[in-house]
2 protein chains.
Amino acid sequence: MGAVMAERRGSTHTKRATYDLRHRIVQGEIPGGTRLYEVALAEEMNISRTPVREAMSRLAEEGLLQRAPGGGFAVRSFTYRDVIDAIELRGVLEGTAARLAAERGADPGKLKEIKEISDEIDSFVWVAESARDFDRYTELNAAFHDALAALCGSEIVQAELRRVKSLPFASPSAFVLGQADGDAAHRAMIIGQTQHRALVEAIEAREGARAEAIAREHARIARENLDPSETGRSARTPCRVSR
Amino acid sequence: MGAVMAERRGSTHTKRATYDLRHRIVQGEIPGGTRLYEVALAEEMNISRTPVREAMSRLAEEGLLQRAPGGGFAVRSFTYRDVIDAIELRGVLEGTAARLAAERGADPGKLKEIKEISDEIDSFVWVAESARDFDRYTELNAAFHDALAALCGSEIVQAELRRVKSLPFASPSAFVLGQADGDAAHRAMIIGQTQHRALVEAIEAREGARAEAIAREHARIARENLDPSETGRSARTPCRVSR
DNA sequence: CGGCGTCAGAATGTATACATCTGGACGTGT
DNA sequence: ACACGTCCAGATGTATACATTCTGACGCCG
């Protein structure tokens with residue numbers, strides 16, 4: 001086992017295999033529907049079947065793989081409609097997180113946290129132009145949505161939201177990629193941040209219904225810029241997982 | 001391996017171990033938070049560590065176990081608030097399924113199916129009194145909710161709903177158990193079935209908002225009859241998984 | 001006395017041999 | 001030609017030995 005490792009991420013073979021496999025699936029290197037064979041993958045990665053099995057099991061938990069009827073795993077395939085539905089679902093769940101935070105009252109510390117993130121986005125988004133501002137927004141946007149999920153203090157809601165967001169195309173940051181021109185991206189950032197502010201305002205004012213509606217509409221931004229080449233296609237068309 | 005098997009459900013050791021472990025957790029035999037050790041369980045069940053590992057992995061997918069930081073698994077513990085939240089979440093997801101079915105138009109075949117289930121419940125629920133009617137309602141109620149999840153034709157929504165419903169206390173059939181007297185149970189059945197009919201009616205009339213609202217309210221029935229002894233307790237109080 | 005390295009034991013991680021299952025190719029009989 | 005059974009290759013299921021890692025207790029040193 002003294003050979004050079006292909007992947008250095010993580011300390012155990014299981015973690016490396018998990019990362020490696022996830023990466024290959026998300027990049028679209030392994031298309032949806034593909035049956036994964038333990039032996040083949042193990043030989044390919046120069047490890048035994050055990051950590052491969054373990055990795056596949058974890059990816060099944062994430063929803064990237066599905067267990068095949070007679071045992072084994074296959075790469076889960078997503079249709080264009082699945083992508084739409086996953087985004088819709090994220091909107092519904094974030095809407096629930098926002099509504100519950102408003103109804104039950106958000107924890108002051110967590111509320112302060114999300115407002116700080118929002119303020120930081122405010123500090124550059126209105127005049128953003130560089131690619132650096134772009135990356136910064138992506139990062140802070142993800143932080144905002146994580147803070148939102150935590151805001152109502154429900155582990156259950158937070159866990160489900162984490163699951164849905166783990167699908168790369170349903171992630172709040174997914175919209176950023178694939179934007180053709182910088183102008184459209186800037187516009188999306190401004191609209192998004194406006195909604196962020198309104199959302200926090202509604203939660204603070206205990207306006208549950210408004211908070212829920214805003215969160216749902218906010219998720220729609222991700223839908224705006226789905227690959228146009230896919231838009232006209234059949235609902236049954238498989239869709240690449242990657243952005 | 002000629003010895004008598006303790007559990008006959010399923011054909012492989014993995015399936016038996018999965019079933020056995022799930023049963024013990026759901027029954028409250030293994031309390032929440034308990035760390036599970038592969039060797040101990042393997043010896044107890046007279047099998048090797050491998051199928052035990054596999055079983056734990058599957059139960060983690062179901063959400064009954066959680067992976068411990070340094071490896072291994074622990075029984076997920078649910079507080080009283082988690083139970084409330086899981087029921088709320090089921091209402092939200094069923095509400096989404098109903099709304100999407102209304103907005104997008106439900107498949108005629110599936111619509112016919114859910115109406116048949118509803119009609120069958122109608123045939124006895126208004127005059128139900130025996131324990132047999134009781135069991136029949138439980139069964140048909142579960143079928144109704146499965147049909148509802150399938151109605152909008154979204155695999156994504158259906159999968160998430162399946163996950164949430166797999167938590168025993170969030171299942172649509174959970175309310176039936178623990179009902180102190182038959183009168184209260186009968187009342188709950190009648191109210192529930194009234195909501196079933198209204199729900200189908202709203203979906204058929206393409207009234208998305210109404211369908212969503214009814215589905216959410218319908219889930220609240222499960223909340224009505226949580227163990228009264230728990231009601232007053234702190235949100236942090238661990239809560240048995242079982243009914 | 002308190003902080004910190006060290007070590008033992010127990011847990012999980014990994015490799016591997018063997019067992020079992022499954023599905024399709026092939027032949028045989030009708 | 002079709003139905004059925006057999007068989008084999010290749011897949012997953014299982015047991016087990018060994019490697020590694022983690023944790024907590026103990027004792028040394030500052």
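Just so it is clear: chains get the letters A, B, ... in the order the sequence lines come, proteins before strands, and each one is counted from 1.
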Would you mind reading off the distance between [X] atom [atom1] and [N] atom [atom2], rounded to a whole angstrom?
X	N	atom1	atom2	value
B/Arg35	D/dT23	CZ	P	9 Å
B/Leu65	C/dT12	CG	P	13 Å
A/His13	C/dG13	NE2	P	13 Å
A/Arg53	C/dT12	CZ	C1'	17 Å
B/Leu41	D/dT14	CG	C1'	17 Å
A/Glu38	C/dT22	CD	C1'	15 Å
B/Arg67	C/dA11	CZ	P	19 Å
A/Glu54	D/dT14	CD	P	15 Å

When the nearest nucleotide of DNA chain C is assigned to B/Gly71 and to A/Arg49 on a heavy-atom basis, which residue is associated with the more 5' position?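 Nearer the 5' end of the strand: B/Gly71.
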Does B/Thr50 or B/Tyr37 map to a spot on DNA chain C nearer the 5' end, using the closest nucleotide for each?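 The residue whose closest nucleotide sits nearer the 5' end is B/Tyr37.
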How is B/Thr14 classified with respect to the nucleic acid when contacts are heavy atoms under 4.0 Å: base, sugar-phosphate, or nothing?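 Sugar-phosphate: the residue B/Thr14, judged by heavy atoms under 4.0 Å, touches backbone atoms but no base.
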Taking the inter-plane angle between the rings of A/His196 and A/His218 on a 0 to 90° scale, is it parallel (under 30°), tilted (30 to 60°) or perpendicular (over 60°)?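 Aromatic pair A/His196/A/His218 classed perpendicular.
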Which of the following nucleotides, D/dA15, C/dA15, C/dG13, is nearest to the side chain of B/Pro51?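 Of the options given, the side chain of B/Pro51 lies nearest D/dA15.
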Choosing from D/dT12, C/dT12, D/dG13, which nucleotide comes nearest the side chain of B/Val39?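 The answer is C/dT12, which lies nearest to the side chain.
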Which is it for A/Val52 and A/Tyr37 under the side-chain contact (heavy atoms from CB on, under 4.5 Å) test, yes or no, and what are the steps along the way? CA-CA 9 Å; A/Val52 172; A/Tyr37 296 104; over 6 Å; no
With a 6.0 Å cut-off (strictly less than), is the heavy-atom count around CD of A/Glu62, excluding the residue itself, greater than 12?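 Yes, because the 6.0 Å sphere around CD of A/Glu62 holds more than 12 heavy atoms from other groups.
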List the steps and the verdict of salt bridge (charged side-chain N to carboxylate O under 4.0 Å, His left out) for B/Glu160 and A/Arg163. CA-CA 9 Å; B/Glu160 288 306 305; A/Arg163 274 185 59 79; 3.6 Å; yes
